Amino acid sequence: MPESFSISVITRPVLPALALCLGLALVSPVAPASAGVLRDKIMEKRQERIEQRAGQVQEKNEMSDPETTDLAPLGLPAGTKVLRDLAYGNDKRQTMDIYLPANATSQKAMPVIFMVHGGAWRTGSKTARGVVENKAAHWLPRGYIFISINYRMLPDIKPLEQADDVAHALATAQTRAAEWGGSRNRFILMGHSAGAHLVSLLASSPAIAAKAGASAWLATIALDSAAYDITKIMEQKHYRFYDEAFGTDPAYWQATSPSLQLKQLTSPFMAVCSSIRPDKPCAQAEVFVNKAKSLGMQAVLLPQSLSHAEINKNLGLDNAYTAAVDNFLKQFDLVLHAGHD
């Protein structure tokens with residue numbers, strides 16, 4: 001029976017010859033093709049790692065809960081009155097904060113910006129600085145009421161039920177608007193991230209709001225949602241938090257997709273989107289806007305070279321972005337400031 005071969009028995013004179021053979025093998029005609037395949041695989045793996053890291057950063061951005069504060073007194077215009085934690089349901093999370101301008105007691109039928117925070121449908125806060133501070137500082141002196149709401153979160157409540165929460169909060173705020181010097185007919189719905197998805201869903205499915213007792217609103221402004229077509233997201237490579245939010249049922253994906261639910265003319269819509277996010281939210285936003293236009297809606301796409309978080313917190317600062325949103329709202333000036341219902 002022959003002895004097993006071991007490299008340890010190779011004598012020193014044999015090693016140079018072996019090295020020569022290996023060298024010839026490496027420069028043989030097969031080598032360039034093999035090297036190319038290997039190089040492609042290395043590049044593919046490198047790109048996968050880059051995309052994975054970008055995805056982790058985006059997930060963190062989507063689900064982050066920024067510093068929360070009551071914003072008093074430095075973060076709000078002088079004389080601002082804040083009504084905190086007004087309930088619109090029985091759950092402790094079903095509350096909203098009302099920010100009133102200094103002259104609210106002498107006003108009637110003021111317009112209302114109704115804000116829905118983000119956080120991947122499972123975190124976030126109505127008092128987050130990025131949600132409230134710059135927006136309130138900008139619009140309160142211009143005669144707007146600013147409302148920021150909380151709603152129930154994953155894993156207890158899924159997005160369709162969250163849309164119901166937003167609808168009930170809207171109905172409650174509209175019913176009580178006259179108490180605060182506002183008008184139930186002069187609401188602007190605004191949301192960021194997951195909140196942008198929820199207000200977009202209400203905009204595309206007005207029956208959700210109507211069922212809760214809400215009346216029509218003037219316009220919707222969605223701040224950097226990438227979730228207009230949930231079906232398309234779930235059928236492709238996607239961030240993990242979408243699985244928790246939307247599950248595995250294609251019927252649920254369709255029911256929660258603003259682009260798929262939009263079937264009739266509704267109020268004007270503005271889609272703000274980050275042009276630098278790795279998951280390219282402007283692509284889905286553009287499809288939604290184009291479909292809205294095909295139905296005769298007024299719809300505006302506003303790409304911004306800003307991060308996901310910056311699109312939220314920079315709105316209200318003295319910049320071209322805020323000016324573009326104000327320009328969108330100008331069309332409602334005669335209605336917003338007419339002073340009567």
Side-chain angles (χ1 to χ4, degrees), residues 55-69 93-97 113-136 146-167 169-170 188-204 220-230 233 238-246 256-258 269-274 276-282 284-285 288 302 304 306-316 321 325:
Q56 290 170 347
V57 170
Q58 185 58 33
E59 283 191 299
K60 183 178 179 181
N61 287 342
E62 287 272 5
M63 296 184 287
S64 63
D65 186 7
E67 175 190 358
T68 59
T69 172
R93 294 166 292 186
Q94 293 174 312
T95 61
M96 53 187 167
D97 295 340
I113 292 179
F114 182 89
M115 179 70 192
V116 184
H117 71 76
W121 301 275
R122 73 175 179 87
T123 188
S125 171
K126 62 180 170 57
T127 59
R129 186 178 294 275
V131 171
V132 176
E133 186 172 33
N134 292 328
K135 300 177 189 68
F146 185 84
I147 297 177
S148 184
I149 76 162
N150 274 349
Y151 50 96
R152 293 171 294 170
M153 301 270 96
L154 291 171
D156 302 325
I157 298 296
K158 293 181 73 66
L160 274 182
E161 290 82 6
Q162 292 176 357
D164 285 336
D165 273 10
V166 175
L170 174 62
I188 305 293
L189 266 60
M190 183 181 290
H192 174 249
S193 192
H197 165 259
L198 295 175
V199 298
S200 299
L201 191 56
L202 292 188
S204 60
T220 304
I221 302 176
L223 305 178
D224 207 31
S225 171
Y228 289 97
D229 188 339
I230 304 302
I233 290 171
H238 56 269
Y239 298 134
R240 291 169 296 177
F241 60 78
Y242 285 117
D243 295 319
E244 182 184 8
F246 298 102
T256 52
S257 297
F269 190 95
M270 170 176 272
V272 183
C273 59
S274 169
I276 62 174
R277 272 176 62 176
D279 56 336
K280 298 178 173 56
C282 290
Q284 284 216 11
F288 181 87
L302 183 62
Q304 293 294 300
L306 297 169
S307 72
H308 185 62
E310 288 170 340
I311 281 185
N312 194 29
K313 69 181 181 180
N314 287 13
L315 182 57
Y321 166 32
V325 175

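None of the values given here were measured: they were computed from a predicted structure. Hydrogens, waters and symmetry mates are skipped; everything else that's a heavy atom, side chains included, is used.
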Between [X] and [Y], what is the shortest heavy-atom contact and its length?
X	Y	result
Glu244	Pro155	OE2-CB, 4.1 Å
Leu154	Pro159	CD2-CD, 4.4 Å
Pro258	Leu201	CG-N, 3.9 Å
Ala120	Ala194	N-CB, 3.8 Å

[Y] side chain reached by [X] side chain, heavy atoms, under 4.5 Å:
X	Y	result
Tyr321	Ile311	yes
Asp229	Ser257	yes
Asp243	His238	yes
Leu315	Asn134	no
Met115	Val132	no
Gln94	Arg152	yes

Do any N or O atoms from the side chain of [X] and from the backbone of [Y] form a donor-acceptor pair under 3.5 angstrom?
X	Y	result
His192	His308	yes
Ser274	Ser307	no
Asp97	Ser148	no
Thr220	Leu189	no
Tyr151	His117	yes
Arg277	Asp224	yes
Ser193	Gly195	no
Ser204	Ser200	yes
Gln162	Trp121	yes

Using the rule given for side-chain contact (heavy atoms from CB on, under 4.5 Å), can you reason through Leu302 versus Val325, listing the C-alpha separation, both sets of side-chain angles and the distance that settles it, and then say yes or no?
CA-CA 9 Å; Leu302 183 62; Val325 175; 4.2 Å; yes

Hey, could you give me the [atom1]/[atom2] distance between [X] and [Y], rounded to the nearest 0.5 Å?
X	Y	atom1	atom2	value
Met190	Ile113	CE	CD1	4.5 Å
Thr256	Leu160	OG1	CG	6.0 Å
Leu223	Asn314	CG	CG	11.0 Å
Lys135	Phe146	NZ	CZ	6.0 Å
Ile149	Ser125	CD1	OG	11.5 Å

> In terms of the angle between their ring planes, are Tyr242 and Tyr239 parallel, tilted or perpendicular, with boundaries placed at 30° and 60°?
Replying inline: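 Answer is parallel, since the angle falls under 30°.
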
Original post:
Does the distance from a Lys or Arg side-chain N to an Asp or Glu carboxylate O, for Arg93 and Asp165, drop under 4.0 Å?
Top reply: no

**Request:** Establish, yes or no, whether a centroid distance under 6.0 Å links the rings of Phe246 and His197.
**Result:**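 For Phe246 and His197, the ring centres are under 6.0 Å apart.
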
